[in-house]
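In what follows, chains carry the letters A, B, and so on, assigned in the order in which the sequence lines appear, proteins first and then strands, with residues in each chain numbered from 1.
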There are 2 protein chains.
Amino acid sequence: MSGYARLTPDEEALLRQVTARPVAVPARAELVRDGEAAPRPQVLVEGWACRQRLLADGRRQIVVVLLPGDPIGFDLRRRSLSFGSVTTLTPALVCEAGALRERAASRGTPPDRETGLAAALRQAREMEEIWLVNQVVRLGRQTAYERVAHFLLELRERLAAVDRVQENRFSFPITQEVLADALGLSVVHMNRTMQQLRRDGLVEQRATAITLRDVPALASIADYAGAHGP
Amino acid sequence: MSGYARLTPDEEALLRQVTARPVAVPARAELVRDGEAAPRPQVLVEGWACRQRLLADGRRQIVVVLLPGDPIGFDLRRRSLSFGSVTTLTPALVCEAGALRERAASRGTPPDRETGLAAALRQAREMEEIWLVNQVVRLGRQTAYERVAHFLLELRERLAAVDRVQENRFSFPITQEVLADALGLSVVHMNRTMQQLRRDGLVEQRATAITLRDVPALASIADYAGAHGP
DNA sequence: CGGCGCCTTGACTGGATTCAACCGCAGTGG
DNA sequence: CCACTGCGGTTGAATCCAGTCAAGGCGCCG
């Protein structure tokens, strides 16, 4: 799951053990309350979730989408700051993972040589920061069409990293309403934008799966430079 | 500067020593190149800077604004990911701060008891993440008017933390073009929105300083809940 | 004076939201 | 069995917030 760093055999064993007995959680379940100072560390094993924030009048903004393999709530927060609540978008499988954090923190002689788990968690944080930056650029400076293209490419790359993409086709279990809340659009405009992408032959959607039919074209539209630099 | 955690006397001495001889840097200077894996750790002592990303066609999005006291480039990145480049927005004073990072990393017995400096840097990262989340919500779900109000309140709070606000008045040395690139607006619309805020008696601008004349009203417009929770 | 950076203004355009309605489908219960 | 309901997707029309284009003003400085 957290394939971000080389783990020692016993770290891998611990990871396997921790994720062996996942708990089923329905859609729209809150995994971390907003502002919680000491959330329970968890790993999302199956299903999609998100970090989101609500405005007083009901508007919702999804800050990042969380996919299978992503760690949740590993950072202890000093004060109770509003990082947004973590909520499932689909039915999901989740694991309690306090043991991972403890193991990551122990073992270190001085921190100059950190454990594999600590490195993996650090890397996971880094990736989440990248997704946040991507999100800011999408929302701030891209059109609806570009935003969707960019977001789909990011999803493809992240899902490919956990081996859930086959020939640019992957499961896509969220409604257009959720997509709209992620990309800062209205549902209606989200719908029209998806239709445009389909009409242009760039994506194909069937049931709960999506296929990116022309990744280079999408990348050019979205000005997308994958995670591996320029 | 990094008043985020209690420092030991010698940590404070080191901090003072490191920030004693700042280097002057002109506006529009690049402090960290985009994608740089091992940036030089620095502290912004005076002036404003930002993390930004450019699109291929020249559009610019400012991801976060950096203010006096903020650390820059302290995180070692594994791969060369695009976090955006760090660039000064005004003439600035900057300090090389590698010594701080080394000191923060050493000294730890096991990491269960981290140094004051390490705690401060961790806290600084947390705050930056909050600002990112705020930015996403502003760009995704708020109108121009709300965005500006929200952003000004965030600036006030951050500047107050480093004692640069007097009676809701603080230095505001950036152009409307920069503001526009931060808030995802065009310069023209930025201008009109500022005018509206002035006409409504919410802010007052003279030269390079700004006064928030009605913080509660601004907070209500922007749905702003300061850093200290609800 | 002339040029430049920044702010300002007006007119026009357009991307996106809103409101409202309709459709197809799956689940559900009388 | 089938009306009823709810959800998600789809459409059209009207509206509006924000972008674009273009021009002018003002202060500063060489």
Side-chain angles (χ1 to χ4, degrees), chain A residues 26-28 48 55 57-62 88-91 137-151 171-200 203-210 221-222, chain B residues 26-28 48 55 57-62 88-91 137-151 171-200 203-210 221-222:
Chain A
R28 294 198 184 78
W48 291 23
L55 298 188
D57 59 5
R59 280 176 286 181
R60 167 171 82 154
Q61 178 61 44
I62 290 178
T88 52
L89 296 171
T90 70
V137 174
R138 277 192 294 257
L139 296 174
R141 280 296 178 229
Q142 296 197 291
T143 66
Y145 198 69
E146 294 166 340
R147 273 181 227 185
V148 180
H150 196 281
F151 186 63
S171 160
F172 195 69
I174 57 176
T175 67
Q176 295 187 346
E177 187 187 353
V178 169
L179 253 184
D181 282 340
L183 297 179
L185 300 170
S186 68
V187 188
V188 173
H189 197 56
M190 186 69 243
N191 181 293
R192 294 184 169 129
T193 306
M194 283 302 301
Q195 286 181 54
Q196 191 60 45
L197 283 166
R198 273 177 272 164
R199 257 180 270 129
D200 295 345
V203 313
E204 193 178 323
Q205 228 179 333
R206 276 207 323 277
T208 66
I210 197 168
I221 288 164
Chain B
R28 293 197 186 79
W48 291 23
L55 298 187
D57 60 4
R59 281 176 286 181
R60 166 170 82 154
Q61 178 62 45
I62 290 178
T88 52
L89 295 171
T90 69
V137 174
R138 277 193 294 257
L139 296 175
R141 282 292 178 233
Q142 295 197 293
T143 66
Y145 197 70
E146 293 166 340
R147 275 182 226 184
V148 178
H150 196 280
F151 185 64
S171 160
F172 195 68
I174 57 177
T175 67
Q176 294 188 349
E177 186 187 354
V178 169
L179 252 184
D181 282 340
L183 297 180
L185 300 170
S186 68
V187 188
V188 173
H189 197 57
M190 187 69 242
N191 181 292
R192 294 187 167 126
T193 307
M194 283 302 302
Q195 285 180 55
Q196 191 60 46
L197 284 166
R198 272 177 272 164
R199 255 180 273 128
D200 295 346
V203 313
E204 194 177 322
Q205 228 180 333
R206 275 209 323 276
T208 66
I210 196 169
I221 288 164

B:Arg138 and B:Leu183: side-chain contact (heavy atoms from CB on, under 4.5 Å), yes or no, with the steps? CA-CA 8 Å; B:Arg138 277 193 294 257; B:Leu183 297 180; 4.0 Å; yes
Decide side-chain contact (heavy atoms from CB on, under 4.5 Å) for A:Asn191 and A:Val188; before the verdict, give the C-alpha distance in whole Å, the side-chain angles of both, and the deciding distance to 0.1 Å. CA-CA 5 Å; A:Asn191 181 293; A:Val188 173; 5.7 Å; no
In whole angstroms, how far is the P atom of D:dT11 from the CG atom of A:Asn191? 7 Å
Interatomic distance where CG belongs to A:Leu179 and P belongs to D:dG9 [whole Å]: 9 Å
Going through the checks in order, is the side-chain contact (heavy atoms from CB on, under 4.5 Å) test met by B:Glu146 and A:Leu55? CA-CA 12 Å; B:Glu146 293 166 340; A:Leu55 298 188; 5.5 Å; no
Write down the protein N/O and nucleotide N/O pairs, taken from nucleotides 23-30 of chain D, whose separation is under 3.5 Å; answer none if there are no such pairs.
none

Report yes if at least one side-chain N or O of A:Gln176 is closer than 4.0 Å to OP1 or OP2 of D:dT10; otherwise report no. yes
Distance check: side-chain N/O of B:Arg198 vs OP1/OP2 of C:dT8, anything under 4.0 Å? yes
Do other residues, nucleotides or ligands put more than 12 heavy atoms under 6.0 Å from B:Glu177 CD? no
Evaluate side-chain contact (heavy atoms from CB on, under 4.5 Å) for B:Asp181 paired with A:Arg141, printing each intermediate quantity in order. CA-CA 8 Å; B:Asp181 282 340; A:Arg141 280 296 178 229; 2.8 Å; yes
Going by the rule salt bridge (Lys or Arg N to Asp or Glu O under 4.0 Å), which residues pair with A:Arg198 if we only count those two or more places apart in sequence or in a different chain? none
A quick test of your reading: do over 12 heavy atoms of other residues, nucleotides or ligands sit less than 6.0 Å from CD of A:Gln195? yes
Rounded to the Å, how far apart are B:Arg199 CZ and C:dC7 P? 16 Å
Considering residues, nucleotides and ligands other than A:Arg199, do more than 12 of their heavy atoms fall under 6.0 Å from its CZ? yes
Any B:Arg59 side-chain heavy atom under 4.5 Å of A:Val137 side chain: no
Grab the CD-C1' distance between A:Gln195 and C:dA16 for me, whole Å please. 15 Å
According to ring-ring contact (aromatic ring centres under 6.0 Å, His included), does anything in residues 172-197 of chain B pair up with another residue at least two apart or in another chain? List the pairs. B:Trp48-B:Phe172
May I have the distance from A:Met194 (atom CE) to D:dG9 (atom P), rounded to whole angstrom? 10 Å
Could you tell me whether A:Arg59 contacts a base, only the sugar-phosphate backbone, or nothing, with contacts defined as non-hydrogen atoms closer than 4.0 Å? nothing
Closest to the B:Thr175 side chain: D:dG8, C:dC7, D:dT11? C:dC7
Report the distance from atom OG1 of A:Thr193 to atom CZ of A:Arg147, rounding to the nearest 0.5 Å. 9.0 Å
Quick one: list whatever passes salt bridge (Lys or Arg N to Asp or Glu O under 4.0 Å) with A:Arg206, sequence neighbours left out. A:Glu204
Without decimals, in angstroms, what is the distance between B:Arg138 CZ and D:dC17 C1'? 19 Å
Of the candidate nucleotides C:dT8, C:dC6, D:dG8, which contains the atom at the shortest distance from the side chain of B:Arg28? C:dC6
Without decimals, in angstroms, what is the distance between A:Ile210 CD1 and D:dG9 P? 12 Å
Taking atom P of D:dG8 as reference, at what distance in whole Å does atom CG of A:Leu89 sit? 12 Å
Please enumerate all protein N or O atoms sitting under 3.5 Å from an N or O of nucleotides 23-28 of chain C, with distances to 0.1 Å.
none

Which protein N or O atoms sit under 3.5 Å from an N or O of nucleotides 18-20 of chain D?
residue, atom, partner, partner atom, Å
D:dA18, OP1, B:Ala144, N, 2.9
D:dA18, OP2, B:His189, NE2, 3.2
D:dA18, O5', B:His189, NE2, 3.4
D:dG19, OP1, B:Ser186, N, 3.3
D:dG19, OP2, B:Ser186, N, 3.1
D:dG19, OP2, B:Ser186, OG, 3.0

